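Chain naming here is simple, since letters A, B, ... match the order of the sequence lines and numbering starts at 1 in each. Scope of the values below: all heavy atoms of this structure, side chains included, with no hydrogens, waters or symmetry mates. This is a predicted model, so every value here is computed, not measured.
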Amino acid sequence: MQYWLVKSEPDDYSFDQLRQDGRTAWDGIRNYQARNYLRDMALGDLVLYYHSRTGLEIVGVARVVRVAYPDPTATKGDWSVVDLVPVKPLTTSVSLKTIKSIPALAEIQLVKNSRLSVMPIPKEAFHLILQLGNTQT
DNA sequence: GCCAACGTTGGC
DNA sequence: GCCAACGTTGGC
């Protein structure tokens, strides 16, 4: 089991939207590093859902229900998507500010590389974030 | 809304 | 193959 984090602008596709839809293909990734991480995702992996730009906080947990396949929205190039379903929203969302203030979390790529939109999260960091969010899986 | 950081493109 | 120019992302 691996743990991940994906970003979305809530104005574009929010966690609430994912809950309404029940399932979505995580399409539109056009960055090689992010794409390669998508391809590393396994069935059942858990994914933190982060709202960028106008949220700046982790708001929920999702799960991988289909591993990487070709992105149907890509007209050229070699891009992939995975399918995600919502697991649950965090009871308390965990802000970027909070994450930055905690030494154990300050090294995750969310902080180190703010432009990366799909990234792995160490197991300990994942569980700490859930703890901060008063949420159990 | 601004702009720094990063990735990509293309001229040489 | 280098690197300047450009486009995009996302924190502030």
*Quick one: which of B/dT8, B/dC6, C/dG11 gets closest to the side chain of A/Arg115?*
B/dC6

*Validation row, ring centre A/Tyr32 to ring centre A/Trp79 under 6.0 Å*: yes

*Please state how far atom CG in A/Leu116 lies from atom P in B/dC6, giving the value in whole angstrom units.*
11 Å

*Rounded to the Å, how far apart are A/Gln33 CD and B/dT8 P?*
10 Å

*Check whether any side-chain nitrogen or oxygen of A/Tyr50 sits under 4.0 Å from OP1 or OP2 of C/dG11, and answer yes or no.*
yes

*Round to the nearest Å and state the distance from A/Leu56 atom CG to C/dC12 atom C1'.*
9 Å

*Whole angstrom value for the distance that separates P of C/dT9 from CG of A/Asp11*: 14 Å

*Answer yes or no: does a side-chain N or O of A/Lys112 lie under 4.0 Å from OP1 or OP2 of C/dG11?*
no

*Select from A/Asn31 and A/Arg53 the residue whose nearest nucleotide in DNA chain B is closer to the 5' end of that strand.*
A/Arg53

*So what does A/Lys97 hit on the nucleic acid, given a heavy-atom distance under 4.0 Å: a base, only sugar-phosphate, or nothing?*
nothing

*Using atom CD1 of A/Ile29 as one end and atom C1' of B/dT8 as the other, report the distance to the nearest whole Å.*
17 Å

*Rounded to the Å, how far apart are A/Leu5 CG and C/dT9 P?*
17 Å

*Whole-Å distance between C/dG11 P and A/Asn113 CG?*
11 Å

*Is the shortest side-chain N/O distance from A/Lys7 to OP1 or OP2 of C/dG10 below 4.0 Å?*
yes

*Mark yes or no: A/Arg39 above the aromatic ring of A/Tyr37, with NZ or CZ under 6.0 Å from the six-membered ring centre and no more than 45 degrees from the axis.*
no

*Polar side-chain atom of A/Ser93 near backbone of A/Glu57 as donor-acceptor pair, under 3.5 Å*: no

*Beyond-backbone contact of A/Asp71 with A/Trp26, side-chain heavy atoms, under 4.5 angstrom*: no

*Is A/Asp78 salt-bridged to A/Arg35, going by a charged N under 4.0 Å from an acidic O?*
yes

*A/Met119 has an atom CE; how far is it from atom C1' of B/dC6, in whole Å?*
14 Å

